[in-house]
Structures are given as C-alpha cells and as structure tokens.
Number of protein chains: 2
Amino acid sequence: MTDLLWEGERRSGRGPKPALSLDRIVQAAIAIADAEGLGALSMQRVATDLGAGTMSLYRYVPGKEELINLMVDRVVGDPPTLDSESWRTDLRTWAHASHDVFRRHPWSLSAVTGKRSLGPNETAWAESALAALSGTGLSPAERLKVVNVVNGQVRGAAQISPGHGPVLNIEALSRPEVAQRFPSLMAVLSSDEEFDMADVFEFGLQRILDGIDALLQTRS
Amino acid sequence: MTDLLWEGERRSGRGPKPALSLDRIVQAAIAIADAEGLGALSMQRVATDLGAGTMSLYRYVPGKEELINLMVDRVVGDPPTLDSESWRTDLRTWAHASHDVFRRHPWSLSAVTGKRSLGPNETAWAESALAALSGTGLSPAERLKVVNVVNGQVRGAAQISPGHGPVLNIEALSRPEVAQRFPSLMAVLSSDEEFDMADVFEFGLQRILDGIDALLQTRS
DNA sequence: AAGTTATTGCGTATGGCATACCCTTTGGCG
DNA sequence: CGCCAAAGGGTATGCCATACGCAATAACTT
C-alpha cells in the first residue's frame, strides 16, 4: 500500500544484498535534474549514472512519478525554524527559505505543479507556516488562505526567474508597429531603473505582509 | 522569421491546397488537452483527430513545443477591458479573468511553467495590467512588480484547485503518531469552517490589493 | 548441512513518443 | 502545358516507461 514518501524503504532480510538504495537513487536523480533539468531525467539515465541496469530501479521505486515526488520532498527538506515571536518576521523567513529551494532546484517548480501527493517534508512546511500564524487571531481557514497567498508569491517569483521563465519576444517588440500596441510595457522596458530579480520577490512579499497586517489591524 | 506566435501562418499559393490549417490544429490540440490533459496530447493523437497523417502536422507547426505555445496564447485570448477608473477594480477584474482561464484549461498551468516565449495575447495581458496602474504614481519597475504579485496569486490559487493540485496524504495523517507532528494543520482540517476554493483566491487577492493600497497611501 | 523461498539484478520485449528523411502528388505560375 | 514549390504522409530512428520472466543470492527452516 501507500507511500514510499511516508513509509520509507522497507525490505526484509531475505535475498541478495541490495546493491542500491532508495536514497542513492533519489540523490542521483536530483543530481541529474539539477544539472540538466527534468527533461534529461529518465530511468535509464539514473540507472546508468548508478552503474545499474534500468530495471533494477523498479525494485526500489514503483515508477517515475513516485520518484519525482520523492525528489521533491527530499529537496524541500526541513522547514526553517520560526521563533521570532512575530508572525511577520516568521512568514518572511519561511517565504525566503521556500524561495531558496526553488532557486537552487529550478526543476522543482515544474515538479510541483499538477496533481500529486504531498510528502512529509512538504507537509511540515505547511505546518510551520500555519503555526507561525497561531497568535494572530485568524480563523483556521483564514490561516490557510494566508499561507496560500504567501506561497503563491514564492512560486510566482520563482516562475519568472531569469532563464527559467517566460521571455518577451524582443524581436517582435522592436518593430514599431508592434511596440505601439504595448505602450505601458515599452515604458517599463525602456525605463532606466535597474531591475533586480531578488527585489521582485521581496517587494511583492512586503505588499502581501502589509495586506495581512491591515486585516489584523481592522480586528484589534 | 521565427515565430509562428507573432507572424501567424504564412503560405504562398504554390502547391496543393492545404488540407489543414494552423488554426484547426491548435484547436484540435486544445480540445484534447481540455478533455484529457496535457499528458494525452501527442502529435499522433492530434493528427488522428483531424483525420490526417502525423507528419502532416509538421507542415504547419515546427514541433510540439511550439504547438503548446500556440495553444497557450490561443487559450489566453484577449485581456479584459479595464475601464473602471480605479486601479483596484481593474486589477481585480484582470486577476479574475486570468484565473478563469486557468480554471477552464487546467493544463495551461503546466504549459506556462518553465522557459518559453510569450505570445502576443499574453503580452497584451501584461500590457493591460500595467496600463491599469498608470495613474498610481508607481515607478515603471514597481508597476511590473505589482503585476507580478497579482499574477502569482492567480497561479498560486489555480495550482491548488481541487483535482489539479497537491493533496495531503489523509491516510498517513490519520495515524495519531503522525498527526501529532502537525497540530496546526490538524486544527485547520478539523475546523468546521466551510472551505470555499473560490474564496481562497478572492481572500488572497484582497490582501494583496490592500497591501498595494497601503503603499500608495504612504506616498500620497 | 541441505533445502526452501523471498528477493535482487537485469535482459528482453512491448508499445508509445517526437521527429528526420524522402517520395509521391498537386496545382499555380511562367 | 510543363515546371517546381509546397503539401500529404509512409517509413525509419532513437528515446522512453515499464511488464515479464529468469537466474543468482542468501536468510530462514528443518
């Protein structure tokens, strides 16, 4: 039944000594995805990197989908410790820590979109963000919604990070008859203002925290 | 040259009458993705549905990746008209319209994550959101950052929509020794409060708009 | 000590996939 | 009326996930 994610590897002593381990497989898979992206991840590739036959992997992992879930939960790791006594500081720490994960492992963003099962580490992250809001007087459902806004910002910022997100078609935009249809956009592009990606994230995060704060103010 | 997205179909009169068209192909592909998800989308499948040979598609589209870009830009369509005189109302309208697209075509969320090229429609959406902020006194870079926060919320909410996002492992969470590690989460799950998904989106959106408003207040 | 059996590694086979190549057919233009 | 650009699409290649089965292994049983 159930879940390698939650149960971990369980093998009873009978039979030959296993040459691999779930851990080694997951780690090798992560190394591939880190270096060459999810597109380069195949069972054959993982097996080759481990010096094993492709089908041997299936003695440890039921399939690729489950492997990716394991990779995500591994890469996500433990949530940061939040002990600042201030929900705002805690939530900010949480958001930055989560953002860091996506920056270090850009493939995880794609791995995390779509239907899938949450692992223990990811569940622990949810727990820690919710716990940070326990002193705020927000209702349980509100706390969840707050966590979701913050989480949206984390992923939103990760999604547009340079080299891993959408790019404007500069060639088309450089033709005047095209450019003229997007005046506000051109204004942004031609503004001299320096554009720091890290700041995109922090700016949005602060707006969100301000918005949450405003809600709390109306209640106190 | 380059981009079908921006140039559209161009074929010169010579040769046999084309049996298909870029439009019909994109539409058929969207129908498949809508009905069965991106996973069911293959060139062979699209061709079969159109009663054509697989390779014929390549007379119209350079490859699958470009096809998906075309699907996205088609599905995204024109941005809503924003004429309320209030940036807040406009941004809310924009956000809901965008959210609707993802609700109607859940596959588009995955299609939109990762490196890719923006089409004219998507660019027009960016333009329209930026234009809505023109009267606010925000700097060009700030306007872009604001749009990004809102966009993050749209996608964040779409990402957790039921049936298309992460699901908690209820089985694991129902074991006491596991549940006890996630007290705040359990509090949310066991709260009787009704939980409306549409409200997750609207709640977060309002917090964000409040936060933007707060910034504007400090400047006026 | 010998047999039993669960378990492992993994070769092979299957069926799907994107797409390169190339041949045949078509029909507007010269 | 013939030329040739462009369309249809069959075939081939090489990758992929994964089902199945077999031989080797080693703990447990007797």
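Every chain is numbered from 1, with letters handed out A, B, ... down the list of sequences. Here the structure is a predicted model, which is why all the values come from computation and not from measurement. FYI, side chains are in, hydrogens and waters are out, and symmetry mates aren't considered; it's all heavy atoms of this structure.
- Looking at which nucleotide of DNA chain D each of B:Gly15 and B:Ala19 is closest to, the 5′-most match is held by B:Gly15.
- Because its NZ or CZ atom is not both nearer than 6.0 Å to the ring centre of B:Phe102 and within 45° of the ring axis, B:Arg104 does not count as a cation-pi partner of that residue.
- Here the P atom of nucleotide D:dT25 and the CZ atom of A:Arg11 are 18 Å apart, to the nearest Å.
- Sorted pairs that involve residues 151-163 of chain B and meet salt bridge (Lys or Arg N to Asp or Glu O under 4.0 Å), not counting sequence neighbours, are lacking altogether.
- As rounded to whole Å, 12 Å separates atom C1' of C:dC10 from atom OH of A:Tyr60.
- Side-chain proximity of A:Lys17 to D:dA27, D:dA7, D:dT25: nearest is D:dA27.
- Counting to the nearest Å, the C1' atom of C:dG9 and the CD1 atom of A:Ile25 are 12 Å from each other.
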Report task. Take B:Phe182 and A:Leu130 through the side-chain contact (heavy atoms from CB on, under 4.5 Å) test and state the conclusion after the steps. Result -> CA-CA 10 Å; B:Phe182 308 106; A:Leu130 287 169; over 6 Å; no

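- As a whole-Å value, the separation of A:Leu50 CG from C:dC10 P is 11 Å.
- A salt bridge is absent between B:Arg143 and B:Glu127: the closest approach of a Lys/Arg side-chain nitrogen to an acidic carboxylate oxygen does not fall below 4.0 angstrom.
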Query - Audit row: A:Glu36, A:Arg45, salt bridge (charged side-chain N to carboxylate O under 4.0 Å, His left out) steps and yes/no - result: CA-CA 11 Å; A:Glu36 303 169 49; A:Arg45 177 65 193 282; 2.8 Å; yes

Report task. Would you give a per-nucleotide map of nucleotides 9-17 of chain D, 5' to 3', where B means the base has a protein non-hydrogen atom under 4.0 Å away, S means only the sugar-phosphate does, and - means neither? Result -> BBB----BB

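- In this structure, B:Glu66 atom CD and C:dA18 atom C1' are separated by 15 Å, rounded to whole Å.
- Under the 3.5 Å distance criterion, with hydrogens and angles disregarded, a donor-acceptor pair is assigned to the side chains of A:Glu202 and A:His96.
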